[in-house]
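Below is one structure; the comments refer to it alone.
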Amino acid sequence: MQTITLTRPDDWHVHLRDGAALRAVAPFTARQFGRGLIMPNLATPVVSADDALAYYRRIQAALPEASRFEPYLTLYLTEHTATTEVRRVAEDPRLLALKLYPAGATTHSAAGVRDLHRIYPILETMQTHDVPLLVHGEVTDPAVDIFDREKVFIERHLQPLTHHFPALRVVLEHVTTREGVDFVRAAGPKVAATLTAHHLLYNRNSLLAGGIRPHYYCLPVLKREEHRKALVAAATSGDPAFFLGTDTAPHARSAKESACGCAGCFTAHAALELYAEAFEAAGALDKLEGFAAHYGADFYRLPRNRDTVTLHKNRWRVPESIDFGEDRLIPFRAGDYLEWQLA
Ligand code: NCD
Ligand code: ZN
C-alpha cells in the first residue's frame, strides 16, 4: 500500500456557516486540518472584531470535544468599515485578515464593496498595520462575460490596487485563470493566491457537458481546460505564492438542486484526498506538503504545524449525502470512489 505522510495541512479559505449547518460541517474541516481561515460571508456578515470573536466562540462550541483545530477569523469589508477594526485585527491573534467581496459577486455579498476607492483609506491602514487583504477577484459588471470576470477584475482593479499599495499583503482567493496565475507570479512576495481542489481537478465541461450539474457550480465558475492546466502548474511548481484554500462552501441540497442554484462546492469531507488526486495526476505528490502545509502558514507568519497526517492509497466511496440540519448536504463526488484516504 502506498502512503504519504506530511506536516498537518491548514485550510486558508473555509466557509463554516452558522447554527445547525456549522455544527454539521465543522467536524469535517477539523478532522483534516490544523487551522482554518474562516470566511465572513454569513447571512448577517461578520463586519466587526466583536462579531468575529462571537463567531469564533460559536465555532469553538461546534467542534468535537477532542479537536485541536484552530479557527482564524476574517472581517467582511464594507464601505463603512472603520479603521479601528483594522487595528483590532492587527492586535488580536485570532483575527488574521479582511475580506473584500465586490457587491453582488457571490453568496451573501450584497453588503460588499461597490466602489473600491471608497475603501482606499482602510487599505492604507491595513498596509500600515501589515494586515492582509483577501480578495474575491471578480467584477460584477453585467456587461462582462462570467468566464472573464476574474481576468477583468485583475486588469481593472487588482493591478491598480497592488500598484497603489505595494506593501499590502494580498491574497487572490480561489484563483481560477491563467491570467490570475500570471498576475500572482509577476507581483512579488506580498501577493499570493489560494487554489481549490475542484478547480485543480475539473474544467467547465464537468459543469455543463451532458447535463447541467449543480454540484459543480461554484464561484468563480469552473473555466476552460487551459486554465485548469495553468492552476495545476502553479500549485505543483513549489512557488510559495500558491497555497491551499478549499473554498468548501456548503449549501443545502434543495438550494443547489434548484432552478436558480446556489454557488459553492462542499469538499471538506475529502479535501486532502482530492488535492492528492490532483497532485498525483500531475506526477507531483512530492510538492503537496509545501502547498498544503507550509506556504500558507509562512505567508500568514504563523508557525508550521508540528504534527503530521497520513494518506493511504485505499479506495473508498464518498457518501451520497450528509446530515445538514433540517436538510441534506451533497458532498463533492457523492457516491463516487476516491483512491486516496486520510488515515
Ligand atoms: C461561496 C459561498 O457559498 O459562501 N461560494 C462559492 O461558490 N465559492 C462564496 C465564495 O467564496 O465565492
Ligand atoms: Zn469562498
Side-chain angles (χ1 to χ4, degrees), residues 10-19 21-22 24-26 28-29 33 36-47 55 59 71-77 96-113 132-140 146-147 149-150 153 171-177 180 192-202 204 206-207 212-223 231 243-258 260-268 271 274 296 324 327 329-332:
D10 302 307
D11 186 349
W12 299 108
H13 187 130
V14 190
H15 299 272
L16 286 184
R17 313 305 192 205
D18 213 343
L22 166 64
V25 299
F28 289 98
T29 293
F33 295 103
L37 190 51
I38 315 305
M39 293 298 126
N41 63 329
L42 302 182
T44 304
V46 176
V47 294
Y55 186 31
I59 294 166
Y72 287 86
L73 278 286
T74 55
L75 303 196
Y76 184 119
L77 260 173
L96 272 196
L98 286 89
K99 174 85 185 269
L100 166 63
Y101 291 98
T106 188
T107 309
H108 299 319
S109 62
V113 174
L133 172 71
L134 315 185
V135 180
H136 184 109
E138 289 191 288
V139 292
T140 55
I146 188 157
F147 292 101
R149 287 183 180 184
E150 181 173 292
F153 183 89
V171 183
L172 177 56
E173 296 294 335
H174 40 55
V175 62
T176 62
T177 57
T194 53
L195 285 153
T196 81
H198 45 290
H199 289 99
L200 294 177
L201 287 167
Y202 297 99
R204 65 194 198 179
S206 300
L207 172 66
I212 184 156
R213 295 173 204 278
H215 298 292
Y216 287 79
Y217 176 58
C218 63
L219 287 169
V221 72
L222 293 172
K223 304 294 192 298
L231 303 180
F243 51 81
L244 186 155
T246 61
D247 195 21
T248 180
H251 290 274
R253 173 180 201 158
S254 55
K256 293 285 296 172
E257 298 176 10
S258 153
C260 184
C262 290
C265 301
F266 179 73
T267 53
L274 292 165
F324 194 59
D327 209 320
L329 175 63
I330 307 300
F332 202 65

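We count ligands from 1, going down the list as the structure has it; atoms in each ligand are counted the same way.
Using a 4.0 Å cut-off between heavy atoms, Lys99 makes no contact with ligand 1 at all. By the criterion of a heavy-atom distance under 4.0 Å, neither the backbone nor the side chain of Met39 is placed next to ligand 1. Only the side chain of His13 comes within contact range of ligand 1, with a heavy atom under 4.0 Å; no backbone atom does. At a 4.0 Å heavy-atom cut-off, ligand 1 does not touch His108 at all.
Taking CG from Leu231 and NE2 from His199, the interatomic distance works out to 7.5 Å, rounded to the nearest 0.5 Å.
On a distance-only criterion, His251 and ligand 1 share at least one N/O pair closer than 3.5 Å. Considering backbone and side-chain N/O of Gly264, one or more are found under 3.5 Å from N/O of ligand 1. Checking only distances, Ala249 never comes within under 3.5 Å of ligand 1, N or O to N or O.
Close contacts of ligand 1 with His136, meaning ligand atoms under 4.0 Å from a residue heavy atom, involve 12 (O).
His174 and His13 have tilted rings, their planes meeting at an angle from 30° to 60° on a 0 to 90° scale.
Remark: side-chain polar atoms of Asn41 are not paired, donor with acceptor, to backbone N or O of His108 under 3.5 angstrom.
With respect to atom 9 (C) of ligand 1, the closest heavy atom belonging to the protein is Thr106 OG1, 3.2 Å. Here the heavy atom of the protein found nearest to atom 7 (O) of ligand 1 is Leu219 N, 2.7 Å. Closest protein heavy atom to atom 5 (N) of ligand 1: Ala263 O, 3.1 Å. Nearest to atom 8 (N) of ligand 1 among the protein's heavy atoms is Asp247 OD2, 2.7 Å.
In this structure the side chain of His198 never reaches within 4.5 angstrom of the side chain of Leu274, judged on heavy atoms.
In the model, Asp247 has no side-chain atom that pairs as donor or acceptor with a side-chain atom of Thr196 under 3.5 Å.
Asp247 has its closest N, O or S atom to the Zn ion (ligand 2) at the position named OD1.
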